[in-house]
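Numbered from 1 within each chain, the chains take letters A, B, ... in sequence-line order.
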Amino acid sequence: MSREDLARAFHYAVYENVQMIPYGHVTSYGHIAKLIYKPRNSRQVGQALKFLPQGETRLDYPYNLNNVPWWRVISSSGTISNRDHGSMIRQVELLRAEGVQVINDSKIDLVTFGWFPETEFDEYD
DNA sequence: CCAATGACCTGGG
DNA sequence: TCCCAGGCCATTG
């Protein structure tokens, strides 16, 4: 198995779990990492989400990337993570459209809107 | 090969 | 509550 295959498998695992986040809820990069049994790879969860289409459809990936609600993934501190301005704005719009309150265009109350199902890695380690 | 770079996380101050 | 240092690790140049 090549390095690319491993990376792709990781991406698929991320996408499948992101699809489980209920409408109107959010979870963290770190929690997705725990769900795929890679509790130390929260940064790589973020890397995987970068491959998702922002606007146009990608046909070079054997996976329905248009079905992945990437906007429901935020940082464990409850804030929209920094990156290019455009997609941050879009994330806020998409969240508000499904009823999630976003304070100051960046902060979300995880007690109200968080989705953090139990995992085997509830302690970071 | 090595250094820099992230859509990150936690604990301490 | 906010901020930061240190840890983390795949990817990129």
Side-chain angles (χ1 to χ4, degrees):
Chain A
M1 213 178 182
S2 72
R3 202 171 60 86
E4 288 75 18
D5 289 333
L6 289 171
R8 198 176 57 178
F10 183 92
H11 291 181
Y12 291 169
V14 168
Y15 301 150
E16 288 187 354
N17 281 276
V18 169
Q19 284 182 311
M20 298 177 61
I21 308 171
Y23 182 93
H25 293 265
V26 296
T27 194
S28 70
Y29 300 92
H31 201 78
I32 294 293
K34 291 175 184 172
L35 290 175
I36 62 177
Y37 308 102
K38 297 284 183 184
R40 302 241 160 111
N41 290 62
S42 51
R43 307 194 81 135
Q44 281 64 248
V45 171
Q47 291 182 36
L49 297 188
K50 280 203 314 190
F51 283 84
L52 296 173
Q54 292 300 321
E56 75 287 3
T57 300
R58 290 184 59 140
L59 300 177
D60 56 332
Y61 235 76
Y63 191 88
N64 185 1
L65 297 180
N66 303 297
N67 233 356
V68 181
W70 54 266
W71 56 91
R72 296 180 192 149
V73 184
I74 65 176
S75 75
S76 66
S77 58
T79 61
I80 308 286
S81 296
N82 287 316
R83 55 188 186 281
D84 60 288
H85 192 59
S87 72
M88 288 177 68
I89 298 292
R90 177 122 183 86
Q91 182 165 19
V92 172
E93 289 174 349
L94 287 163
L95 286 170
R96 286 184 172 144
E98 49 186 76
V100 175
Q101 284 184 50
V102 185
I103 302 160
N104 286 331
D105 289 342
S106 66
K107 187 85 176 73
I108 293 167
D109 178 13
L110 295 179
V111 175
T112 305
F113 301 104
W115 178 78
F116 297 96
E118 295 288 318
T119 79
E120 297 179 31
F121 299 98
D122 281 338
E123 291 122 273
Y124 192 75
D125 234 342

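- Per the geometry, CD1 belonging to A:I74 stands 16 Å off P belonging to B:dA7, to the nearest Å.
- Of the two residues contacting DNA chain C, namely A:R43 and A:R3, the nearest-nucleotide position lying further toward the 5' end is that of A:R43.
- Going from atom CG of A:N17 over to atom P of B:dA7 covers 21 Å, rounded to whole Å.
- The CZ atom of A:F10 lies 5.0 Å from the CG atom of A:N41; values are rounded to the nearest 0.5 Å.
- For the side chain to side chain contact (heavy atoms under 4.5 Å, CB included) with A:V45, the qualifying choice from A:N17, A:V14, A:V18 is A:V14, the only one to do so.
- Residue A:L49 contributes atom CG, which lies 16 Å from atom P of B:dG6 at whole-angstrom precision.
- The nucleotide whose nearest atom lies closest to any side-chain atom of A:K34 is, among C:dT11, B:dC8, B:dT10, B:dT10.
- With salt bridges taken as basic N to acidic carboxylate O contacts below 4.0 Å, one links A:R96 and A:D105.
- Taking atom CG of A:L35 as the reference point, atom P of B:dC9 lies 13 Å away to the nearest angstrom.
- The stretch residues 75-95 of chain A touches DNA chain B through A:S75, A:S76, A:S81, A:N82, A:R83, each having a heavy atom within less than 4.0 Å of the strand.
- In this structure, OG1 on A:T79 lies 12.0 Å from CD1 on A:I103, to the nearest 0.5 angstrom.
- The nearest whole Å value for the distance from the NE2 atom in A:H31 to the P atom in B:dC8 is 17 Å.
- The aromatic rings of A:H31 and A:F116 sit perpendicular, their planes meeting at an angle over 60°, well past the 30° parallel limit.
- Annotation for A:S42 and A:G30: closest pair CB-CA, 3.7 Å, computed over non-hydrogen atoms.
- Atom C1' of B:dG6 sits at a distance of 12 Å from the matching atom of C:dC8, rounded to the whole Å.
- The separation of C:dG13 from B:dC1, taken at their C1' atoms, amounts to 12 Å, rounded to a whole angstrom.
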Check nucleotides 3-6 of chain C for protein N or O atoms closer than 3.5 Å to its own N or O atoms and list the pairs.
none

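- Remark: P of C:dT12 and CD of A:Q47 are 8 Å apart, rounded to the nearest angstrom.
- One can place CG of A:D5 at 12 Å from P of C:dT11, the figure rounded to the nearest angstrom.
- Across the protein-nucleic acid pair, A:Q44 atom CD and C:dG7 atom P stand 18 Å apart, rounded to whole Å.
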